[in-house]
Each structure stands twice: as C-alpha cells, then as structure tokens.
Amino acid sequence: MNNPISNLHPDYLYFGFGKWLYYPDRVDCVKKGDFRDVMPVSVQLIPSLYCNFSCPHCCYGCSKDNIQSKGERKSMIMDDAAMSVIIDRLGDAGIKGIVFTGGGEPTLHPHLVDGMRAAVKRGIKIGLFTNGSVLTKSRICQILELEPTFVRVSLDAGTSTVHRLIHGYSRKRNHLPKVLENIELLAKGKLSLNVNTTIGIGTCVEPVNLYDLVEVAHRLREIARHNPVGGIDYLVFRPTVNYFGGKYLRAAQPLLDYVKEHLPGYYEAYHNYLYQGQQLPARLFEQAGEIISGDVSQALANTGVRVINLRTKMLGVTQPARPFQKCRASPWYIFVGPDGTVYNCAELGLDPRVAIGNLLTQSLDDIWHSQRRQEVMNFVDQQGLQTICPPVCLYYELNSCFEKLAQAFQTGGRQRRAALAWLDEQQLRIQSEIASGVYSQPHREFL
C-alpha cells in the first residue's frame, strides 16, 4: 500500500497530520478499523460567543444569531462554575490539549486566564486563538506566564482599510494598530520571559485581502526586526471557506464595494460566495499561492518567521469531491460550547444536529458511548458530508489518510497486511522519537 500520508508536507510543521500516531491506544483502534471508538485528544473550548468584530466570513455568524435571539446568556458566555466543571471533566477524560477559541472572541471572557490556569493545573496543555484586538499588556503577561503551547493571532490584513472590511467593524474604529501592538507584546514577551510558547499568525485568503497578503508579511517583518529580534514563529495561510452556519451578511456590502473597485475580476465569485453559498474559485488560491511563495516569503526571509501555506486545503476547497467517503477523524478533536454542549465536530460547532451531549450533566465517557453520538455520526456520514460539511476542514487531511487505511482493511489480504505494516513502522518511529526526546511533530496535543 502507498504511504497513507505520503503527501505530508514537512513545511506544514505545526499543522502536520501525523500527530495521531503518538497515541498508541488510539492507533490500536485504527488498526482494528474501529475509527469511532477513538477518544478525543484535543478540544476546542468556547468561553464566549460575544465578539467585537462582525466578520462577513464568520464561521458561526448565523448560528450565533440564532442562539442570541433566544436570549439565554448561558448559551453565549460560559460562567465560572461551568468552566470549572467542564475543564475537570475534560481532565478526567484524559484530554491532552484545550484550545480556548471562538465562537466569539475568547479574550472578551473576564475570567479566561482563570480557565486556562485551571486546565494547566489538571496537566492539560493549552492554546489560544484570538483576534488580538482586546488584549492588554498585563493580560498578555498572565497568559505567557502559564506557558501555553501556542498563541495564534488572526491577522487577515496588513492595512487598516482591508482589516476593517474583513472584520466588519465601523469606519470610526481602527483596530489594526492595537492588534499589531499586541502581536509585538506577545512576541517580545515570550522572549523576555524565556517561555517555550509558539507565537503564530493566521491569515485566511479571500479576494479582498489578496494584495494585502504581502502587507501582512511587511507588518510582521517590522515587528520581528525590533529588539529583541524575533519572537514570531510562523505565518500560516489557509483558504476562506463557506460554512453552512456562517457569515454576517449585514457587514458584507462595503467589502463587496471594495472588491468591485479594486479586484473586479473576483466580484461575481465573491458575491456568489456571500449570497449563494458557493466556494471561492481555484484561481484565487492559485494566485495567492504565487504571492505567498514569492513576495511574502521574500519579505519574511531571515526573520525567523516560518511561512506555511496549507496547499492541500487551498486545493481541496475547490474540488468537486472529497477524497474520503466518511468522517472518521472527528472523534480526535471535539468542540464544547459556552453552555457545556459537546459537538461532534469542531467545524460544525453550534449546529444542534451535531450536538452529542453536555459536560455539565454528563461525563465525556458517557457522552462518547451514547446512542446520540452514534446517531450524529451516522447523520454526518449519510447526509452531513453532502449537505452541511464544508469541502475542507480541520479533519480534511486526516480523513484522507483514514480513507486509504479503511479501504486497505476492507480489501484485506496483501493490502491489509501492508497497511498494518505501515502502522507498525510508524509506531516504531514514534517510539524512537520518544526515546530521543526529539520529535518530528510539534504541538502533538493539538490535532
């Protein structure tokens, strides 16, 4: 059998798809073909659905509007007691990593740091996704002192106009300088505190920021060159994807007007993306790839900032069919909402059709072995992949790998033996890495 992850790009680094191989008990489930029996390694935890931005491409926009319309505060922001219970139950279940993320903007939660500290006390690795606009110097210090595995700041623009348009806020505001200031505080704070936290920057590619991609690189270069030099570890690019429960269309018109004036060749495609549920065209991501490998990489040369282009996702978002028939990877990484609801999928979080239980009333083990979870996974495999799942997702590459393994197991004979031999070979490699303390896959607790 061909190597199931032969397309694993070493330049993906923190976003590599081989991290699952570090968990032998879960690999044993895969060897048996019991993909659903795998217990989660990682969790995306949503402290708050409130956000100071109204991004037209928000993954959860429509879902959040539906939740907020019910007027239940507990569904919008996690109270302190709930956070404590949820983190304890995740710890009891052996969760390895928790990402504090959105939903909304996690740093709007007044007790975010307390929640992060509670997770650390349980021996759980922590990470943070943030838009970077509401952090303060003191809070950055508090977060870095906990030595999170990573902090990733979303920076989808390097100029104020495009940043405002992408994030859907008023002309009276200019959040970009504050975001850049906080990126610098994170980068230099990491160096001064001598903590082993990865500081990353995430950029989603869409028409409005196509020519701003290099401006993002210029802003990061300016920060990296300030004394002390360095501090930013990577800049990662991924495609903007149309989500079934996404978007804030009330913020879309100024963005469309800008595209019509400055990038008219993408106006129709962008209009269809926003209003007709279509995905963005392949030529956009091809053009972005050229900019990333050219001007962006050149701008960040000799800065210590690794440029990562998730090409499999850039390509996959425009393909007519997925390279897998079932979602076998979602058990590895789950999504927990502010009210404790557990969702089978981090990409479809907040959609009640994939809700499988609640950590305020159940243990994760009980949720995992419930009839409801089996019903949700059947729904995703039989209908969801065709109706509500985005074309690429967090699990895209891992699902592609598991599809090849599942086919080999089903075929049997030589192909099955080859698949098992490959898995045994990978486990020997992992054991060697553990013995040496030198790992090929960073951030192993965050699949």
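Keep in mind the model is a prediction, meaning the values are calculated, not measured.
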Verify side chain to side chain contact (heavy atoms under 4.5 Å, CB included) between N182 and V153, making sure each step is shown before the conclusion. CA-CA 9 Å; N182 284 333; V153 181; over 6 Å; no
Are R353 and D351 ion-paired here, with the side-chain N under 4.0 Å from a carboxylate O? yes
Verify the ring-centre separation between F335 and Y60: is it less than 6.0 angstrom? yes
Establish, yes or no, whether a centroid distance under 6.0 Å links the rings of F285 and F237. no
Considering the options Y333, Y243, Y395, which one meets the side-chain hydrogen bond (donor to acceptor under 3.5 Å, both in side chains) requirement together with E347? Y243
Pairs involving residues 364-387, ordered by first then second residue, that meet salt bridge (charged side-chain N to carboxylate O under 4.0 Å, His left out) (sequence neighbours left out): R36-D381
State, with a plain yes or no, whether a side-chain heavy atom of V236 is found less than 4.5 Å away from one of F15. yes
Test side-chain hydrogen bond (donor to acceptor under 3.5 Å, both in side chains) on Q287 and Y266; report intermediate values, then the result. CA-CA 12 Å; Q287 190 174 356; Y266 287 112; 2.7 Å; yes
Establish, from distance only, whether the side-chain atoms of T130 and E105 form a donor-acceptor pair under 3.5 Å. yes
Contact summary for V380 and V354, nearest pair of heavy atoms: CG2-CG1, 4.1 Å
Would you sort out whether R429 and E425 count as a salt bridge (Lys or Arg N to Asp or Glu O under 4.0 Å), showing the intermediate values? CA-CA 6 Å; R429 176 179 62 81; E425 178 185 333; over 6 Å; no
In terms of side-chain geometry, is the basic nitrogen of R26 or D37 positioned less than 4.0 Å from the acidic oxygen of its partner? no
Can you check whether D424 reaches L428 side chain to side chain, under 4.5 Å on heavy atoms? no
Spacing of CD1 belonging to I143 relative to CZ belonging to R139, to within rounding of 0.5 Å: 6.0 Å
Measuring only between side-chain heavy atoms, which start at C-beta, is T197 closer than 4.5 Å to P148? yes
Run the numbers on E397 and K313 for salt bridge (Lys or Arg N to Asp or Glu O under 4.0 Å), then give the verdict. CA-CA 8 Å; E397 294 87 357; K313 287 183 169 61; 2.7 Å; yes
May I ask you to decide if the ring planes of Y273 and Y270 are parallel, tilted or perpendicular, using 30° and 60° as cut-offs? parallel
Between F150 and F446, is the gap from one ring center to the other below 6.0 Å? yes
Regarding K31 and Q427, is there a side-chain donor-to-acceptor distance under 3.5 Å anywhere? yes
Would R444 count as a cation-pi partner of Y439, with NZ or CZ less than 6.0 Å from the six-membered ring centre and within 45° of the ring normal? yes
Rounding to 0.5 Å, atoms CG (D79) and NE2 (H109) come to a distance of 7.5 Å
Determine whether L447 and Y23 make a side-chain contact, defined as any pair of heavy atoms from C-beta on separated by less than 4.5 Å. yes
R89 versus L364: any side-chain heavy-atom pair under 4.5 Å? no
With the side chain counted from C-beta on, respond yes when M76 and I67 share a heavy-atom pair under 4.5 Å apart, and no when they do not. yes
Are F17 and Y12 an aromatic pair, judged by ring center distance below 6.0 Å? yes
Between F129 and F100, does the ring centre distance come in under 6.0 Å? no
Measure the shortest side-chain to side-chain distance between L13 and R306 over non-hydrogen atoms and say whether it is less than 4.5 angstrom. yes
S133 side chain to N52 side chain, donor-acceptor N/O pair below 3.5 angstrom: yes
Spacing of OG1 belonging to T341 relative to CD1 belonging to I86, to within rounding of 0.5 Å: 8.5 Å
Is E403 salt-bridged to R322, cutoff N-O under 4.0 Å? no
Would you check if the distance from the ring center of W20 to the ring center of F402 is below 6.0 Å? yes
Do the side chains of I291 and L210 get nearer than 4.5 Å, heavy atoms only? yes
Distance-only polar pair, side chains of E433 and S440, donor-acceptor under 3.5 Å: yes
